[in-house]
Amino acid sequence: MPLLEISGLTQRFGGIQALSNFSFQMEEHELVGLIGPNGAGKTTVFNIVSGFYASTEGEIVFDGRRINGLKPHRVTAMGMARTFQNIRLWNDMTVLDNIRLARYSWLGYGFLDAVLRTARHGRAEHAVETRAREALEMMDLSECAEELPKNLPYGLQRRVELARALTGNPKLLLLDEPAAGLNSADVEDLIRHIRWIYDEFGISIWMIEHQMKVVMSLCQRLTVINFGSILAEGTPEYIRQHPEVIDAYLGDEKI
Ligand SMILES: Nc1ncnc2c1ncn2[C@@H]1O[C@H](COP(=O)(O)OP(=O)(O)OP(=O)(O)O)[C@@H](O)[C@H]1O
Ligand SMILES: [Mg+2]
């Protein structure tokens, strides 16, 4: 049974056909990539799969259950976590608090409830804090626990996002452009961390990424979309040489 099975996903925004009949499957413990030009519909796929948008047409089955229409926190509770294309951290709270509070908001609490619970519920909170510290350690961020995200270098902020996604012990991790804005040293560092989580924890990872170095070195297979439809699917080697992919997306300089 596939871990994730998407069939016939279709999405319109007003006059824009953002996705047309998008289908995709992934098995447990795969590391796969979703690539394509700006505006191709990549983030829209993640937004629908993770429950942020309700899709107009199509079906999504995750871990044996149909998840169409489930709210994001319900999808998270089933074992799917995601990061965002633009970093979404609370800048005036410590890194540790960012991760603890994320746990509560995924449990369906509002932000204020989460803050209050953190203050009130000693024992439950202790378990959440332990898990948050473990996630920080997984990303080599233990020393940053008490820092404010805005005071950290950008590469570390990206890793805090990863730690936050990992704190719920996901089976499937969706990464939306984890290397966006990173310099080449930070990209190397990110690649190492992603490979380590994948190898060590047996989770499945589906990532959107424009930096070809990242997808080519990490992913076992790639799906290319263009104008909301699948253009090609296959190994990085196959995709790299695919004439239509080169025309529509890769061009000469990126290969
Ligand atoms: N909430 C929305 N309302 C209206 N249009 C949207 C919305 N979200 C996405 N779109 C449109 O749908 C299309 C696909 O957008 P999407 O963000 O999925 O692209 P993308 O492949 O992630 O691009 P990028 O590489 O730039 O992040 C675009 O034309 C975008 O403007
Ligand atoms: Mg996007």
Side-chain angles (χ1 to χ4, degrees), residues 4 6-24 26 31-60 62 67-73 75-76 80-89 154 157-158 161-162 164-165 172-183 186-187 190-191 194 205-219 221-234 236 239-240 242 244-255:
L4 179 68
I6 300 172
S7 8
L9 211 58
T10 293
Q11 179 76 33
R12 299 183 64 83
F13 294 112
I16 297 167
Q17 187 75 39
L19 285 178
S20 313
N21 199 25
F22 178 89
S23 297
F24 172 81
M26 73 186 277
L31 205 174
V32 294
L34 179 60
I35 64 174
N38 291 119
K42 305 178 296 295
T43 298
T44 301
V45 172
F46 277 18
N47 282 337
I48 295 171
V49 170
S50 58
F52 282 78
Y53 295 167
S55 70
T56 35
E57 269 173 63
E59 189 169 70
I60 310 157
F62 173 57
I67 59 166
N68 290 57
L70 289 189
K71 293 269 182 286
H73 71 267
V75 178
T76 310
M80 189 194 301
R82 71 171 291 186
T83 63
F84 294 90
Q85 190 164 349
N86 302 308
I87 292 182
R88 292 194 185 181
L89 296 169
Y154 192 72
Q157 294 185 29
R158 282 266 169 210
E161 282 229 314
L162 265 175
R164 182 166 65 171
L172 173 61
L173 189 55
L174 306 182
L175 303 177
D176 195 347
E177 297 199 30
L182 298 188
N183 63 35
D186 286 340
V187 167
L190 180 85
I191 290 174
I194 293 175
I205 300 177
W206 192 16
M207 66 159 77
I208 296 171
E209 187 49 66
H210 279 293
Q211 295 213 29
M212 281 308 108
K213 185 176 185 357
V214 178
V215 277
M216 293 294 171
S217 63
L218 282 173
C219 297
R221 62 189 174 94
L222 300 172
T223 305
V224 188
I225 60 172
N226 194 24
F227 298 115
S229 299
I230 293 181
L231 185 63
E233 264 182 303
I239 294 299
R240 198 200 295 266
H242 195 291
E244 284 171 68
V245 176
I246 293 173
D247 267 1
Y249 180 50
L250 292 178
D252 290 329
E253 78 283 7
K254 283 191 183 164
I255 306 179

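Every heavy atom of this structure was used, including side-chain atoms; hydrogens, water molecules and symmetry mates were not. Each residue takes its place number in the sequence, starting with 1. Both ligands and their constituent atoms are indexed starting at 1 by order of listing.
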Going by heavy atoms, is [X] under 4.0 Å from ligand 1?
| X | result |
| --- | --- |
| Glu177 | yes |
| Tyr53 | yes |
| Gly36 | no |

Pull out every atom of ligand 1 sitting under 4.0 Å from any heavy atom of [X], numbered as shown with elements.
| X | result |
| --- | --- |
| Thr44 | 9 (C), 14 (C), 15 (O), 16 (P), 18 (O) |
| His210 | 25 (O) |
| Gln85 | 24 (P), 27 (O) |

Side-chain donor or acceptor of [X] paired with backbone N/O of [Y] under 3.5 Å:
| X | Y | result |
| --- | --- | --- |
| Arg164 | Arg88 | yes |
| Glu177 | Ala179 | no |
| Thr76 | Ala81 | no |

Flag Gln85 as yes if one of its N/O/S atoms falls below 2.8 Å of the Mg ion (ligand 2), otherwise no.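 So Gln85 counts as coordinating the Mg ion (ligand 2), yes.
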Thr43 near the Mg ion (ligand 2): N/O/S under 2.8 Å: yes
Pairs of nitrogen or oxygen atoms closer than 3.5 Å, one from [X] and one from ligand 1: do any exist?
| X | answer |
| --- | --- |
| Phe13 | no |
| Ile16 | no |
| Gly39 | yes |

Option from Asn226, Leu231, Ile35, Ile239 for which side-chain contact (heavy atoms from CB on, under 4.5 Å) with Tyr249 holds: Ile35
Ala248 to Pro37 - nearest heavy-atom pair and separation: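 Scanning both residues, the minimum pair turns out to be O-CG, 3.7 Å.
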Rounded at 0.5 Å granularity, tell me how far [atom1] in [X] sits from [atom2] in [Y].
| X | Y | atom1 | atom2 | answer |
| --- | --- | --- | --- | --- |
| Phe84 | Leu175 | CZ | CG | 11.5 Å |
| Ile191 | Gln211 | CD1 | CD | 8.0 Å |
| Ile60 | Asn68 | CD1 | CG | 4.5 Å |

Identify, for atom 26 (O) of ligand 1, the protein heavy atom at the shortest distance, and state residue, atom and that distance.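 For atom 26 (O) of ligand 1, the nearest protein heavy atom is Asn38 ND2, 2.9 Å.
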Of all the non-hydrogen atoms in the protein, which one sits nearest to atom 17 (O) of ligand 1, and at what distance?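 Result: Thr43 CB, 3.7 Å.
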Taking atom 30 (C) of ligand 1 as the reference point, report whether a protein heavy atom occurs under 4.0 Å from it.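 False for atom 30 (C) of ligand 1.
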Glu161 side chain to Thr83 side chain, donor-acceptor N/O pair below 3.5 angstrom: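 No, no side-chain donor-acceptor pair sits under 3.5 Å.
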